[in-house]
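Nothing here was measured: the structure is a model prediction, and the numbers come from that model.
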Amino acid sequence: MTRRQGILVGLVLDAAKTADPRRIGSQVQAAERHGLGFLLFDDGPGEPAGRGYPDPVEVASFASATTRAIGLVVTAAATHAEPFHLSNRFSSLDWGSSGRAGWLVTVDASTARAAAYSASPPDAATAPREAGAVVDAARRLWDSWEDGALIADSATGRFLDQEKLHYVDVHNEFFRIRGPALLPRPKQGQLPVFARARDHLAQADVVLVDGWPGGAVGEHDAHRTFAEVAVTPATDFGPLLRGLSGRADGVLLRAGDTDAVLEELGRRVLPELIADRTVLPPRPGETLREQLGLPRPVSRYATIAGKGAQA
């Protein structure tokens, strides 16, 4: 799939610090208006969300109702996670946002997270292996409904095409899942999966690496490579973003003062960089996969002309 010229620029919104709906709405609308390609709704390490602060998936769902084009990527740790519930939550977000959802998979081996799940912290070798198993299971669950499985034809009385629903039959050292998923296949088919390079997640579509224009972005097996950069309102954004153009597919900005950085980007930086095609703005109607230049995959269980399922 051919991708438009330019890098995608994303910004982190800390869901644990963004409990005010009016502030959330103001931030996401400003980000879309300024031409940011996506937002990352982040979560702190340790306990799962919901204990005194908003869940990032819920914040992203709220943001989807007030935006039309910007990508909505959500952090969700794979450690101790239940793939069946995770896959369904992300499917729901993808449908609600018209295909703008993404998943940043993280590995959290902290004792705080383990205690929240009444589990023992995994060792250094087990944690990334578990994350890979969770992502693989979620992808299989997304594929368990083929495209067109939902008929909902009142004239014929047919609701589902049963031949297009599939058991996933995942059995491994961490969990056993029969399937299929509760919801139809996501609008994007598969949500784009983001991961940090240090987590060594082989199934990632987008890898985040620490990278400045003067530093090494590096080569990775993922379809897309993004730099992740800590910034302040005083950052010289022009040279930073121009320096990454051609060396990375995008950049994720992590700011201590999100509102001030948003104002700086919108007032001084992005109009010029969008005009000269250094930065790629989102377009209404595009999915996040389309923004990334990633094709929509066919379900691995899809039947073709009665010849059985694909491998």
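Of the possible donor and acceptor atoms, one in the side chain of W145 sits under 3.5 Å from a partner among the backbone N and O of A181. Of the possible donor and acceptor atoms, none in the side chain of D94 sits under 3.5 Å from a partner among the backbone N and O of F90. For the pair E32 (side chain) and A69 (backbone), a donor-acceptor distance under 3.5 Å is present. Formation of a donor-acceptor pair under 3.5 Å by the Q188 side chain with backbone atoms of R289 is found in this model.
Taking 4.5 Å as the limit, some side-chain heavy atom of Q190 sits within range of a side-chain heavy atom of R185. By the 4.5 Å heavy-atom criterion applied to side chains, F38 and F226 are counted as neighbours. Side-chain contact between L93 and S61 is present, with heavy atoms from C-beta onward closer than 4.5 Å. The shortest distance between side-chain heavy atoms of L288 and L292 falls below 4.5 Å. Proximity of V28 to F41: side-chain heavy atoms (C-beta onward) are separated by under 4.5 Å at one or more points. Contact annotation: the side chain of E228 never approaches that of L40 to less than 4.5 Å [non-hydrogen atoms, C-beta and beyond]. In this structure the side chain of T79 never reaches within 4.5 angstrom of the side chain of Y117, judged on heavy atoms. Counting heavy atoms from C-beta on, the side chains of K187 and S97 never come closer than 4.5 Å.
Here the CZ atom belonging to R113 is positioned 5.5 Å from the CG atom belonging to D108, to the nearest 0.5 angstrom. In this structure, the separation between CZ on R247 and CD1 on I7 is 11.0 Å, given to the nearest 0.5 Å. Expressed to the nearest 0.5 Å, how far CG of L72 lies from CZ of R100 amounts to 5.0 Å. With rounding to the nearest 0.5 angstrom, the CG atom of L208 is 7.0 Å from the CZ atom of F194. The line from CH2 of W103 to CZ of R139 is 8.5 Å long, rounded to the nearest 0.5 Å. Taking CD1 from I24 and CG from L39, the interatomic distance works out to 11.5 Å, rounded to the nearest 0.5 Å.
With hydrophobic clusters built from ILVMFWY side chains whose heavy atoms lie under 4.5 angstrom apart, W142 does not share a cluster with L165. Placement of V193 and V107 in two distinct hydrophobic clusters is found when ILVMFWY residues are connected by side-chain heavy-atom separations under 4.5 Å, directly or transitively. If you chain together hydrophobic residues whose side chains sit under 4.5 Å apart, L182 and F175 fall into the same group. Linking Ile, Leu, Val, Met, Phe, Trp and Tyr whenever their side-chain heavy atoms come within less than 4.5 Å puts F62 and I70 in one cluster.
The shortest heavy-atom contact between P121 and A109 is CB-O, 3.6 Å. Of all heavy-atom pairs between L191 and D205, the closest is O-OD2, 3.8 Å. The two residues A133 and N172 have their closest heavy-atom pair at CB-ND2, 3.8 Å. Here the shortest heavy-atom pairing between V134 and A78 reads CG2-O, 3.5 Å. Scanning all heavy atoms of the two residues, the minimum distance from A137 to I177 falls at CB-CD1, 4.2 Å. Across all their heavy atoms, V74 and P56 have their closest contact at CG1-CB, 3.7 Å.
Note on R89 versus E82: no salt bridge recorded, every NZ/NE/NH1/NH2 to OD/OE distance being 4.0 Å or above.
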For this session: List the steps and the verdict of side chain to side chain contact (heavy atoms under 4.5 Å, CB included) for Q291 and L280.
Result: CA-CA 8 Å; Q291 282 196 59; L280 177 67; 5.6 Å; no
Exercise. Where do L240 and D236 land on the side chain to side chain contact (heavy atoms under 4.5 Å, CB included) test, with the steps shown first?
Worked result: CA-CA 7 Å; L240 167 65; D236 198 349; over 6 Å; no
Problem set entry | Intermediate values then yes/no, side chain to side chain contact (heavy atoms under 4.5 Å, CB included), D147 and R296 | CA-CA 11 Å; D147 295 322; R296 188 182 188 277; 2.8 Å; yes
Exercise. Is there a salt bridge (Lys or Arg N to Asp or Glu O under 4.0 Å) between D210 and R198 once you walk through the steps?
Worked result: CA-CA 10 Å; D210 292 328; R198 64 174 179 266; 5.2 Å; no
For this session: Would you check, one step at a time, whether the test side chain to side chain contact (heavy atoms under 4.5 Å, CB included) holds for H166 with R300?
Result: CA-CA 10 Å; H166 305 274; R300 72 191 68 202; over 6 Å; no
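The environment of R277 atom CZ is sparse: at most 12 non-hydrogen atoms of other residues, nucleotides or ligands sit within 6.0 angstrom. Annotation for R267: atom CZ counts as buried by contact number, over 12 foreign heavy atoms lying within 6.0 Å.
Among L270, L244, L273, the single residue meeting the side-chain contact (heavy atoms from CB on, under 4.5 Å) criterion with T278 is L273. Exactly one residue among P184, S87, P180 makes a side-chain contact (heavy atoms from CB on, under 4.5 Å) with S144. That residue is P180.
A salt bridge (Lys or Arg N to Asp or Glu O under 4.0 Å) check over residues 115-137, counting only residues at least two apart or in different chains, returns the pairs R129-E173, D136-R140.
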